[in-house]
Amino acid sequence: MNIENFLSEAVIRSVEALYGQLEGEQIQIQKTRKEFEGDYTLVTFPLLKRSRKSPEATAAEIGEYMAANVPEVKAFNVIKGFLNLTLDSNFWAARFAEIAADADFGQAPTSGRTVMVEYSSPNTNKPLHLGHIRNNLLGYSVAEILKANGHKVIKANLVNDRGIHICKSMLAWKLYGNGETPASSGMKGDHLVGKYYVEFDKHYKAEIKELMTAGQSEDDAKKNAPVMLQAQEMLRRWEARDPEVYGLWETMNGWVYEGFDVTYKALGVDFDKIYYESQTYLLGKSLVEEGLRKGVFYRRPDNSVWIDLTADGLDEKLLLRGDGTSVYMTQDLGTAYRRFEDNKLDDLIYVVGNEQNYHFQVLKLIIKKLGFPEWSDHITHLSYGMVELPEGKMKSREGTVVDADDLIEGMVQTAREMSAELGKLDGCTEEEANAVSTTVGLGALKYFILKVDPRKTMLFDPRESIDFNGNTGPFIQYTHARIRSILRKAVEAGIDFGGAASAEYLPEEIELVKTLTEYPSAVAAAGENFAPSVVGAYVYELAKQFNGYYHDHSILKEENAEVRRMRLQLAGQVSRVIRSGMKLLGIEVPERM
RNA sequence: GGUCUCGUAGCUCAGCUGGAUAGAGCAACAGCCUUCUAAGCUGUCGGUCAUGGGUUCGAAUCCCGUCGAGAUCACCA
């Protein structure tokens with residue numbers, strides 16, 4: 001049962017009984033702020049025209065009526081124009097029973113909508129870095145949240161496995177390498193390939209410098225550097241499916257995928273579909289033809305195809321090169337079209353950094369102009385801000401990139417050190433110690449990144465993120481582990497906490513029940529705004545509240561069996577909700593730590 | 001220059017479909033471990049919500065201007 005709907009119906013009935021039929025006046029009900037007495041608050045300002053009385057008098061009148069006529073309303077108080085209603089504790093007991101009986105609490109009924117979430121989308125010439133971590137965590141979490149909202153979700157990864165950048169790694173491996181492989185070097189495949197990408201850049205820069213000392217301009221030198229010419233030649237050979245180049249490309253990409261899989265697994269993300277750009281880069285050309293026929297696009301004398309978006313406040317955009325080859329936009333048009341067609345999608349969400357805001361603005365506009373407004377309106381660019389480091393911004397060209405694997409390892413390592421220092425690992429087997437360190441280290445990382453509004457540029461301070469106090473993943477994990485420990489001890493002691501409890505709720509317990517009931521709305525809000533941070537904030541709030549409660553009330557040692565039963569049930573429910581919330585964030589929740 | 005995003009406590013962030021005295025955590029300070037996990041709990045300190053206008057009974061929230069930060073405007077992806 002939806003409490004706010006229930007209340008607003010009760011309010012409408014009462015207000016109409018007092019003042020006659022309403023004509024579209026807003027009924028505003030919100031949670032009562034914790035510094036005031038009450039559970040829910042009616043804002044009476046919008047009703048003043050109707051009551052023709054002061055805010056205080058109106059609130060008092062409605063309050064009296066409701067206390068007398070709505071059995072669930074136990075008490076009320078009025079502060080300024082705000083009517084605070086306190087609900088009967090039987091009402092909360094019933095809500096709790098409802099939640100406890102619902103095995104799928106938080107899972108919305110199926111919506112019948114199919115949503116594709118594309119995220120990760122790495123290049124195959126170098127390992128993943130901190131920016132990818134934000135992307136992966138966001139994409140995965142948003143997908144899980146959408147599932148919880150009842151949608152059918154397809155997680156997709158579009159791998160950029162072709163282009164000049166991959167040829168650079170391949171060329172450097174051939175020219176400067178000694179035939180090493182992940183197996184022979186002991187390096188993770190993506191790191192090995194990334195190493196040669198850097199190697200290419202070193203030689204390339206050296207050659208530019210050389211040509212410039214020989215008198216060439218910088219631009220000329222960049223074009224004429226022999227390694228660059230060779231890389232371009234390699235790309236041509238790749239496109240012609242030259243067996244040698246193609247074979248090497250397959251081998252090296254294979255190494256990279258093995259490496260990526262390790263990272264994805266560590267992050268706990270997965271995909272339903274993997275697309276490869278080498279297989280989709282030719283898509284979209286027929287759409288361009290169609291656009292030309294419809295007069296949406298135009299051809300320039302050099303044979304290139306453009307769209308003029310100046311009337312929409314944007315620029316002119318290239319869609320097909322003079323030589324007939326496609327560009328990024330062409331491909332994206334093609335893949336979007338195909339995805340909607342093939343999967344009968346209702347929504348398509350791209351998790352891509354905000355440096356591509358313009359690209360997606362244009363993409364949506366073009367799709368609309370091509371005559372598919374129903375698709376255009378259902379494409380969402382889930383744009384996220386850059387992750388900055390204390391020293392400056394992350395740019396792959398500068399040396400300050402934080403490698404994803406290194407970062408994960410560092411988090412786990414630090415978690416282990418801190419756990420050991422606090423004596424949390426005493427008596428653990430090596431295996432258990434590893435499990436705790438991994439869970440805690442990754443929980444810290446994931447929560448730290450997901451708790452920030454995606455749109456915002458965020459600051460990632462590795463040292464600070466490893467502070468496990470306060471609003472952090474480990475705090476939430478810790479709370480869950482504590483609750484599980486209580487429940488285990490209760491079972492060991494043979495305490496029976498099944499069946500309905502008849503004890504009365506205390507105010508703190510009602511607060512917990514109230515917070516529990518808010519879980520579905522938090523999940524819905526997070527889904528609507530593509531903001532895992534909303535779920536994060538909710539789970540933190542619940543954990544914090546429980547910690548305070550746990551501190552003030554003994555649960556196992558409570559002497560009254562009914563009260564103890566009730567408290568145990570409450571604790572069990574809190575742990576269930578924490579667990580399902582954390583799952584939506586992709587964060588593992590330990591049974592003990 | 002055009003377009004878009006952001007600006008809230010010393011720091012990192014919530015709050016934004018308009019509602020009460022703007023919230024957390026960190027840092028600082030003061031307490032709390034014979035107690036179900038102290039990775040915890042309680043308290044103190046800390047804010048002209050960048051700034052100036054406007055709309056409103058009411059604005060951190062909506063609109064306009066200004067300042068500041070970032071992204072983008074490629075025959076790259």
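Below, chain A is the first sequence line, B the second, and so on; all start at residue 1. Predicted, not measured: the structure shown is a model, and the values here were computed from it.
Looking at A/T86 and A/D39, their side chains never bring a donor and an acceptor atom within 3.5 Å of each other. For the residue pair A/Q356 / A/H381, no side-chain donor-acceptor distance below 3.5 Å is found, with atom types taken as modelled. There is no side-chain donor-acceptor pair under 3.5 Å between A/T335 and A/T280. With 3.5 Å as the limit, one finds a donor-acceptor pair spanning the side chains of A/N547 and A/R482.
Side-chain to base pairing of A/S419 with B/rA39: one donor and one acceptor N or O lie within less than 3.5 Å of each other. The base of B/rA20 is paired with the side chain of A/T41 by a donor and an acceptor separated by under 3.5 Å. The base of B/rU35 does not come close enough to the side chain of A/K557 for any donor and acceptor atom to sit less than 3.5 Å apart.
Under the Watson-Crick and G-U wobble criteria, each requiring two contacts below 3.5 Å, nucleotide B/rU48 is left unpaired. Across all strands shown, B/rU72 forms a Watson-Crick or G-U wobble pair, both distances under 3.5 Å, with B/rG2. When both pairing distances are held under 3.5 Å, B/rG58 makes no Watson-Crick or G-U pair with any nucleotide shown. Base pairing analysis places B/rC26 opposite B/rG10; the two distances defining the Watson-Crick or G-U wobble pair are each below 3.5 Å. The nucleotide B/rU37 finds no pairing partner, because no Watson-Crick or G-U wobble arrangement with both distances shorter than 3.5 Å includes it.
Listed nucleotides B/rA14, B/rG40, B/rA38 differ in distance to A/N547; the shortest reach to its side chain belongs to B/rG40. The side chain of A/D467 lies closest to B/rC26, out of B/rU12, B/rG40, B/rC26. For A/H551, taking side-chain heavy atoms from C-beta onward, the closest of the listed nucleotides B/rC41, B/rG7, B/rA39 is B/rC41. In this structure, of B/rG19, B/rA39, B/rA77, it is B/rG19 that holds the atom nearest to the side chain of A/V43.
A/F475 does not qualify as a stacking partner of the B/rA39 base, lacking a centre-to-centre distance under 5.5 Å together with planes within 30°. The aromatic ring of A/F82 sits over the base of B/rA20, with ring centres less than 5.5 Å apart and planes tilted by under 30°.
Between B/rG58 and A/K80, no contact under 4.0 Å exists linking OP1 or OP2 to a side-chain N or O. OP1 or OP2 of B/rC36 has not a single side-chain nitrogen or oxygen of A/K489 nearer than 4.0 Å. A sub-4.0 Å separation between OP1 or OP2 of B/rU37 and a side-chain N or O of A/S485 is present.
A salt bridge is absent between A/K126 and A/D190: the closest approach of a Lys/Arg side-chain nitrogen to an acidic carboxylate oxygen does not fall below 4.0 angstrom. No salt bridge links A/D219 with A/K223; every basic N to acidic carboxylate O contact stays at or beyond 4.0 Å. With respect to A/E518 and A/K31, a salt bridge is recorded, a charged nitrogen being found less than 4.0 Å from a carboxylate O.
For the contact set between residues 531-544 of chain A and RNA chain B, defined by any heavy atom under 4.0 Å, the members are A/Y540, A/K544. A heavy-atom distance below 4.0 Å to RNA chain B is reached by these residues of residues 352-362 of chain A, ordered by number: A/N354, A/E355, A/Q356, A/Y358, A/Q361.
Separating the CE atom of A/M566 from the P atom of B/rC36 is a distance of 21 Å, rounded to the nearest angstrom. The CG atom of A/L48 sits 13 Å away from the P atom of B/rG58 (whole-angstrom rounding). Atom CZ of A/R52 is separated from atom P of B/rC57 by 16 Å (rounded to the nearest Å).
Looking at A/S304, its side chain never comes within 3.5 Å of a backbone N or O of A/G322 through a donor-acceptor pair.
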Practice prompt. Applying ring pair (Phe, Tyr, Trp, His ring centres under 6.0 Å), run through A/Y328 and A/H359 and close with a yes or a no.
Written response: CA-CA 9 Å; A/Y328 185 38; A/H359 171 80; 4.2 Å; yes
